[in-house]
> 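For reference, the structure I am asking about is given below.
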Number of protein chains: 4
Amino acid sequence: MARAIRLRQVEPAAPVRRATTRGAGKPAASKPRDAAQTKLRILECATTEFADHGYAGARIESIVGAAGVNISLLYQYFESKEKLFIAVMEGAYGLVRASHHELDVRDQAPAQAMEALIRRTFRIFVEHPRIIGLLNSENVHRGRHILKSPYIRGLYTPLLEAIGGVLQRGVATGVFRRDVDPLDFFVSMNGIGYFYLSNRYTLGVILNREMMTAEALSHHEDHIVQVLLGYLRPAARK
Amino acid sequence: MARAIRLRQVEPAAPVRRATTRGAGKPAASKPRDAAQTKLRILECATTEFADHGYAGARIESIVGAAGVNISLLYQYFESKEKLFIAVMEGAYGLVRASHHELDVRDQAPAQAMEALIRRTFRIFVEHPRIIGLLNSENVHRGRHILKSPYIRGLYTPLLEAIGGVLQRGVATGVFRRDVDPLDFFVSMNGIGYFYLSNRYTLGVILNREMMTAEALSHHEDHIVQVLLGYLRPAARK
Amino acid sequence: MARAIRLRQVEPAAPVRRATTRGAGKPAASKPRDAAQTKLRILECATTEFADHGYAGARIESIVGAAGVNISLLYQYFESKEKLFIAVMEGAYGLVRASHHELDVRDQAPAQAMEALIRRTFRIFVEHPRIIGLLNSENVHRGRHILKSPYIRGLYTPLLEAIGGVLQRGVATGVFRRDVDPLDFFVSMNGIGYFYLSNRYTLGVILNREMMTAEALSHHEDHIVQVLLGYLRPAARK
Amino acid sequence: MARAIRLRQVEPAAPVRRATTRGAGKPAASKPRDAAQTKLRILECATTEFADHGYAGARIESIVGAAGVNISLLYQYFESKEKLFIAVMEGAYGLVRASHHELDVRDQAPAQAMEALIRRTFRIFVEHPRIIGLLNSENVHRGRHILKSPYIRGLYTPLLEAIGGVLQRGVATGVFRRDVDPLDFFVSMNGIGYFYLSNRYTLGVILNREMMTAEALSHHEDHIVQVLLGYLRPAARK
DNA sequence: CATGAATGAGGCTTCATTCAT
DNA sequence: TATGAATGAAGCCTCATTCAT
């Protein structure tokens with residue numbers, strides 16, 4: 001049994017020893033001495049590794065193996081495992097931020113707008129599943145990195161503001177109930193989907209269900225919408 | 001920087017020289033020598049350690065340090081880190097089961113019954129916060145232990161059945177909407193609270209909120225009830 | 001892979017919790033509080049363990065497991081692993097000595113006498129296969145125990161004397177060559193059989209042969225006789 | 001007394017700061033940094049360690065101590081104790097093969113040829129005494145490694161064929177007896193010398209003889225030749 | 001006489017990291 | 001920029017042995 005418990009599937013990514021047709025003019029697309037690209041590849045592989053195994057479970061060797069680079073290079077670029085992790089986290093949060101930014105719901109009716117926000121929120125997680133693992137890891141470490149990175153703190157502001165705005169408009173037009181706190185709502189909106197994905201393995205077993213088929217995901221997305229819009233309905237008039 | 005990133009606070013648990021009737025003449029029964037109790041203490045400390053640091057991040061040394069026992073003893077009782085982890089998981093799931101068992105909602109009106117189930121579900125997490133960390137860990141490892149433990153697999157059946165029953169009664173009496181799938185509902189019911197707790201550190205930063213005060217917890221509990229009962233309300237008649 | 005490499009087949013020998021029909025008169029043949037017998041059983045199992053795995057590879061736990069006794073008892077009787085090993089060695093050597101003692105070839109013709117000695121020597125090893133392993137172990141440790149045990153030193157004296165006597169008689173009657181040193185002969189006589197048995201596994205593979213069937217053993221015994229008696233033949237007269 | 005029983009004489013092998021051209025100005029090339037050589041040094045020290053103490057008794061720490069390298073390096077090169085042992089075994093068998101290879105007896109008269117084979121066989125053991133310990137260890141483990149290594153299995157084929165050929169020629173020319181099985185002969189040929197060396201400590205005590213002086217070894221070598229050639233003499237004609 | 005609980009020292013192995021080129 | 005060699009600290013686990021009853 002050893003220390004294993006890890007489900008490795010490394011596939012060394014073909015060490016890509018650059019086809020040194022040096023001086024041939026072409027910039028050797030595959031893996032030239034292109035620091036930026038190499039660094040990116042490391043970051044990419046590190047993201048997967050940290051997401052899959054958590055901080056403590058992640059292995060530097062696995063990362064460089066997958067990235068097909070020498071281990072010293074990783075240290076040259078990122079200094080330490082922890083700093084690499086922080087870089088990964090910032091990249092991941094950046095993704096979330098970007099996704100939220102491109103969403104403008106100010107022109108839609110409150111219910112549609114809210115539905116769009118809900119679906120988008122879930123879809124971000126589905127499309128970037130590694131974010132789940134990273135957030136878990138971050139919480140295992142009690143948010144110590146998020147605390148260090150000031151720019152991360154404003155991450156969800158746009159979404160929170162969007163929620164606040166839509167809620168207000170919905171209350172004003174009478175389609176939403178009045179007693180909803182945007183922050184609470186934000187939590188519920190993320191929670192139902194997050195939990196579904198983050199706990200997909202245990203839930204899959206407990207519920208005896210396929211969790212990650214396109215169909216199942218789509219079904220759950222609809223369910224979240226129904227729960228939240230259902231909740232938002234104003235109390236029925238007598 | 002070494003390998004750290006862990007926030008250790010070992011506190012050797014005061015080698016448990018049982019607070020015997022000191023001064024009564026008896027030479028202070030220096031070490032427990034009570035296998036069952038010792039085993040339990042190890043399990044207890046292991047639960048905390050695994051919950052706090054995940055499987056990979058947990059340290060056997062920390063566990064035995066906290067339990068105040070020799071490391072070999074741990075291996076005598078649990079054989080390996082992985083088996084210890086499984087024992088911990090079974091204990092944790094056992095807690096959940098026990099909590100649900102002692103709740104009988106068959107005599108209550110559907111809305112009250114559902115509210116009781118919802119609150120209880122959240123309270124279990126609040127009262128046993130280590131379960132969150134353990135579940136996370138289990139999901140990092142893709143549910144491999146839960147899969148091995150048939151006893152765990154059937155664990156949630158009673159709760160699922162309870163939910164199903166209450167939903168049916170609510171639909172029958174017209175107080176609940178008709179289109180609710182118990183499994184979906186189960187996910188939402190757990191998800192909102194789980195997410196709140198599991199991501200308390202990142203949420204605390206992002207929302208700039210105290211998450212774990214009694215007040216905040218109570219507030220969130222109420223919120224979950226409102227969301228879910230709000231959702232369950234039948235559509236208003238035209 | 002771990003540390004294994006051991007081929008255990010413990011079979012705990014049924015811990016034999018003595019059927020405490022105490023006071024029933026009968027001395028409870030199985031495993032009463034009979035120190036001598038218990039001690040013997042430990043010694044017996046230790047012999048097997050040391051022979052099979054060598055000193056370093058032997059496990060106290062395996063010994064007590066096989067003997068069905070508590071580990072502390074072993075320490076009470078034998079004090080330490082090393083002293084137990086010495087006890088085992090003395091027992092084994094005692095066996096050899098006893099075997100040699102009961103052999104009296106003074107009345108036989110030299111060739112028959114020598115054949116008897118040769119066959120007996122090989123048979124001792126075949127019948128007490130554990131001696132091989134023990135001797136190997138002893139040699140790994142550079143004979144340090146044999147050196148400590150003065151009584152062991154005279155162990156082979158009877159055999160050596162027997163060989164010397166038979167050789168003399170054979171030379172005198174002209175059936176043996178004249179230039180044979182008894183000590184050299186002693187080595188050859190033991191060596192061919194010992195090597196066959198001690199290296200049975202590697203030889204089995206290299207020669208692609210069954211080594212330990214009754215037939216193979218008997219064949220090899222005959223071979224030893226032929227080699228040695230062939231060697232002893234005096235040079236042919238011209 | 002602890003676990004000892006080992007007669008350690010580690011002698012840190014003087015971290016191998018290669019006796020570079022000191023005083024020539026160059027700063028003394030502090031560490032080898034020659035992978036092949038380092039690996040070889042580890043293998044060399046491992047061979048000694050395994051030969052001296054057997055597999056179970058060998059200590060990784062001792063090996064790296066003697067080799068003057070960091071323990072991790074050993075694992076980088078050999079993965080595990082067992083694989084290191086296999087590498088050692090293959091190296092040892094390789095030695096044997098090489099020694100036999102360089103001997104060509106096809107042009108010699110049968111008796112001389114056989115004598116050459118016999119002497120060479122003994123000399124291999126004498127010159128590479130560690131092979132004895134390794135073979136012992138291998139037999140303690142029931143040949144499990146030899147079984148895994150197909151390359152080892154075919155190792156003795158050349159020698160066996162050489163023996164077969166010489167025997168045939170000797171029979172044809174009437175200088176050897178007819179009833180000799182090459183495999184049996186192979187065993188005897190190895191056995192007498194192997195036993196002498198493998199059991200040198202116990203034999204030394206029992207026979208009260210110096211075993212390892214050049215003189216004693218040479219004497220025993222002659223003895224083996226005499227035994228085997230004596231045995232091979234054809235039966236005297238009536 | 002016998003036992004189960006407990007321990008310290010050490011064994012194998014892993015892992016993040018640095019060195020030298 | 002990139003690499004392979006090398007390292008120290010620690011991690012999991014085992015094993016002979018002792019303690020307390």
Side-chain angles (χ1 to χ4, degrees), chain A residues 1-3 17-18 31-35 38-39 56 58-62 64 69-77 79-82 84, chain B residues 1-5 29-36 38-39 56 58-62 64 69-82 84, chain C residues 1-3 15 17-18 31-35 38 56 58-62 64 69-77 79-82 84, chain D residues 1-5 29-39 56 58-62 64 69-77 79-82 84:
Chain A
M1 202 166 274
R3 273 214 239 174
R17 308 204 158 272
R18 72 223 89 103
K31 182 195 163 189
R33 300 198 162 218
D34 178 339
T38 301
K39 193 170 173 178
R59 294 288 167 264
I60 297 288
E61 282 275 322
S62 290
V64 299
V69 304
N70 185 280
I71 193 170
S72 310
L73 213 53
L74 183 149
Y75 279 93
Q76 222 170 275
Y77 288 144
E79 281 185 78
S80 74
K81 188 183 184 182
E82 182 162 12
L84 174 59
Chain B
M1 192 171 278
R3 281 213 237 169
I5 219 193
S30 54
K31 278 266 158 175
R33 230 151 243 282
D34 174 340
T38 302
K39 192 170 175 180
R59 295 287 168 264
I60 297 288
E61 282 270 322
S62 291
V64 299
V69 303
N70 184 281
I71 192 172
S72 320
L73 208 55
L74 183 149
Y75 281 94
Q76 208 172 121
Y77 290 143
F78 295 99
E79 284 188 71
S80 72
K81 189 182 183 183
E82 183 163 11
L84 175 58
Chain C
M1 203 168 271
R3 273 215 239 175
R17 309 205 157 272
R18 71 225 90 102
K31 180 194 163 188
R33 301 201 162 216
D34 177 340
T38 301
R59 295 289 166 262
I60 296 289
E61 281 276 321
S62 290
V64 300
V69 304
N70 185 279
I71 192 170
S72 311
L73 213 52
L74 182 150
Y75 278 94
Q76 221 170 276
Y77 289 145
E79 282 185 78
S80 73
K81 188 182 183 182
E82 183 163 10
L84 174 58
Chain D
M1 192 169 277
R3 279 214 237 168
I5 218 193
S30 55
K31 277 266 160 176
R33 233 150 245 276
D34 174 342
Q37 194 183 311
T38 302
K39 191 169 175 181
R59 293 290 168 262
I60 296 287
E61 283 268 323
S62 291
V64 299
V69 303
N70 186 282
I71 192 170
S72 319
L73 207 56
L74 183 151
Y75 280 93
Q76 208 173 120
Y77 290 142
E79 283 186 74
S80 72
K81 189 182 182 183
E82 183 163 10
L84 174 59

> Can you work out whether C/Gln76 or D/Lys81 has the more 5'-proximal nearest nucleotide on DNA chain E?
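Nearest-nucleotide comparison on DNA chain E picks C/Gln76.
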
> Could you tell me how far apart B/Lys39 (NZ) and E/dA6 (C1') are, to the nearest whole angstrom?
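Nearest whole value for this atom pair: 16 Å.
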
> I'd like to check the side-chain contact (heavy atoms from CB on, under 4.5 Å) partners of D/Tyr75; sequence neighbours left out, ordered by chain and number.
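With neighbours one apart ignored, the set is D/Ile60, D/Ile71.
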
> Quick one: pull up CG in D/Leu73 and NZ in D/Lys39 and give me the separation to the nearest 0.5 Å.
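Going from CG on D/Leu73 over to NZ on D/Lys39, the span is 10.5 Å.
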
> Return the minimal non-hydrogen interatomic distance between A/Leu74 and A/Leu84, and the atom names on each side.
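Smallest interatomic distance, heavy atoms only, reads CD1-CD2, 3.9 Å.
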
> What would the secondary structure line of DNA chain E be in dot-bracket form, counting Watson-Crick and G-U wobble pairs under 3.5 Å, with [ ] for pairs that cross earlier ones and | for pairs with another strand?
.||||||||||||||||||||

> In whole angstroms, how far is the C1' atom of F/dT1 from the OH atom of A/Tyr77?
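The distance from OH of A/Tyr77 to C1' of F/dT1 comes to 6 Å, rounded to the nearest Å.
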
> In whole Å, I'd like the distance from the CG atom of D/Leu73 to the C1' atom of F/dA6.
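The distance from CG of D/Leu73 to C1' of F/dA6 comes to 6 Å, rounded to the nearest Å.
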
> Which one, E/dT3, F/dT3, F/dC12, comes nearest to the side chain of B/Ile60?
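Nearest to the side-chain atoms of B/Ile60, counting from C-beta on, is F/dC12.
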
> Would you kindly compare C/Glu79 and D/Ala36 by the position of their nearest DNA chain F nucleotide and give the one closer to the 5′ end?
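In this pair, the answer is D/Ala36.
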
> In whole angstrom, what separates B/Leu74's CG from E/dA5's P?
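Rounding to the nearest Å, CG of B/Leu74 and P of E/dA5 are 15 Å apart.
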
> Tell me the interatomic distance from D/Tyr75, atom OH, to E/dT13, atom P, rounded to whole angstroms.
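It is 3 Å, rounded to the nearest whole Å.
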
> Ignoring backbone atoms, test whether D/Arg59 places a side-chain nitrogen or oxygen under 4.0 Å from the OP1 or OP2 oxygen of E/dG10.
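Result: no.
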
> So which nucleotide from F/dT7, E/dA16, F/dA2 ends up closest to the side chain of A/Thr38?
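Among the listed nucleotides, the one closest to the side chain of A/Thr38 is F/dA2.
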
> Name the closest nucleotide to the A/Ser72 side chain, picking from E/dT18, E/dT7, F/dA6.
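For the A/Ser72 side chain, the nearest candidate turns out to be E/dT18.
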
> Can you check the A/Leu84 CG to E/dT17 C1' distance for me, whole Å?
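After rounding, the reported distance stands at 13 Å.
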
> Mind checking side-chain hydrogen bond (donor to acceptor under 3.5 Å, both in side chains) for C/Gln76 and listing every partner two or more places apart, or none if nothing turns up?
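Testing C/Gln76 for side-chain hydrogen bond (donor to acceptor under 3.5 Å, both in side chains), a comparison that skips the adjacent residues, returns none.
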
> Rounded to whole Å, please give me the gap between CD in D/Glu61 and P in F/dA9.
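Checked: the CD to P distance equals 13 Å.
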
> Looking at E/dG4, I'd like to know if its phosphate oxygens (OP1 or OP2) sit under 4.0 Å from a side-chain N or O belonging to C/Asn70.
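Yes, such a contact exists.
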
> Just the rounded figure in Å: distance from C1' of F/dT14 to CD1 of C/Ile71.
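C/Ile71 atom CD1 is separated from F/dT14 atom C1' by 12 Å.
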
